[in-house]
Amino acid sequence: MLDFLIVGLGGALGAVLRHLISLLPLQMESGFPVKTFLINIIGSFLIGIVAAWSEKNGLDSRLVLFLRVGICGGFTTFSSFALETHSLLSKGSVTTAVCYAVLSFTCGLLAILAAEKII
């Protein structure tokens, strides 16, 4: 039961952090969802840090739950990413949608790799 509470608290913190970033006045004329993109790349970097740190230093399993499943899970936005990509496609912005999808995947993966190199 404690694990559920730990994940829930981390998830609440991650969601609040995500909302704070969503309030930033960042917008692109093309409609590219820059805030969701940044949230996902930052989240990828953070989860990479937690994974690498945990692997090298043996973090407590509850701390890993709090950070990875809770904070990173509440912070990142795959469902928003999917919806925004669909919305761009529905509006006929195929190039922007493809760029967004490819950049999100590539930069997210690179962020995890960068995090592993730091630790």
Side-chain angles (χ1 to χ4, degrees):
M1 186 61 163
L2 181 59
D3 289 351
F4 292 105
L5 181 61
I6 288 169
V7 169
L9 290 172
L13 181 57
V16 167
L17 292 171
R18 175 182 172 202
H19 180 63
L20 288 173
I21 289 178
S22 76
L23 297 175
L24 294 174
L26 300 172
Q27 199 166 324
M28 296 183 75
E29 283 185 35
S30 67
F32 187 90
V34 67
K35 290 181 269 191
T36 302
F37 176 76
L38 289 174
I39 288 166
N40 286 334
I41 303 313
I42 292 166
S44 295
F45 183 76
L46 292 176
I47 206 166
I49 290 280
V50 172
W53 189 275
S54 176
E55 189 174 307
K56 288 187 178 186
N57 300 304
L59 293 178
D60 180 77
S61 63
R62 288 197 167 131
L63 178 58
V64 172
L65 272 178
F66 177 75
L67 296 171
R68 283 174 65 171
V69 179
I71 292 178
C72 291
F75 181 68
T76 57
T77 56
F78 185 78
S79 59
S80 294
F81 160 74
L83 181 63
E84 289 168 344
T85 303
H86 177 267
S87 177
L88 287 167
L89 289 170
S90 296
K91 292 176 185 171
S93 300
V94 176
T95 302
T96 301
V98 169
C99 286
Y100 179 50
V102 169
L103 282 170
S104 294
F105 175 78
T106 304
C107 292
L109 185 57
L110 289 173
I112 290 173
L113 293 171
E116 286 179 342
K117 297 296 181 195
I118 289 173
I119 298 301

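Each side-chain hydrogen bond (donor to acceptor under 3.5 Å, both in side chains) pair with one or both residues in residues 7-16, not counting sequence neighbours, would appear here, but there are none. Sorted by first then second residue, the ring pair (Phe, Tyr, Trp, His ring centres under 6.0 Å) pairs that include residues 51-71, not counting sequence neighbours, number zero.
In the hydrophobic cluster analysis, where Ile, Leu, Val, Met, Phe, Trp and Tyr join through side-chain heavy atoms closer than 4.5 angstrom, F78 is grouped apart from I112. L88 and V102 fall into different hydrophobic clusters, where Ile, Leu, Val, Met, Phe, Trp and Tyr residues are linked whenever their side-chain heavy atoms come under 4.5 Å apart, directly or through other members. Residues F105 and V98 are members of separate hydrophobic clusters, defined by side-chain heavy-atom contacts under 4.5 angstrom among Ile, Leu, Val, Met, Phe, Trp and Tyr. Two different hydrophobic clusters hold L17 and I47 under the rule that ILVMFWY side chains link at heavy-atom gaps under 4.5 Å. Residues L5 and L67 fall within the same hydrophobic cluster, defined by Ile, Leu, Val, Met, Phe, Trp and Tyr side chains chained together at heavy-atom separations under 4.5 Å.
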Side chains of residues 37-44: which donor-acceptor partners sit under 3.5 Å, not counting sequence neighbours?
residue : atom : partner : partner atom : Å
N40     : OD1  : T77     : N            : 2.8
N40     : OD1  : T77     : OG1          : 2.8
N40     : ND2  : T36     : O            : 3.4
N40     : ND2  : T77     : OG1          : 3.2
S44     : OG   : N40     : O            : 2.8

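Among L2, I71, D3, L59, the one residue that satisfies the side chain to side chain contact (heavy atoms under 4.5 Å, CB included) test with L65 is D3.
G48 and A115 make their closest contact through C-CB, 3.5 Å (heavy atoms, listed as atom of the first residue, atom of the second, distance). Closest approach of R18 and S80 over heavy atoms only: NH2-OG, 2.5 Å.
Judged purely by atom type and a 3.5 angstrom limit, S87 has no side-chain atom pairing as donor or acceptor with the backbone of E84.
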S54 and R68: CA distance, side-chain angles, deciding distance, side chain to side chain donor-acceptor pair (under 3.5 Å) verdict: CA-CA 10 Å; S54 176; R68 283 174 65 171; 5.4 Å; no
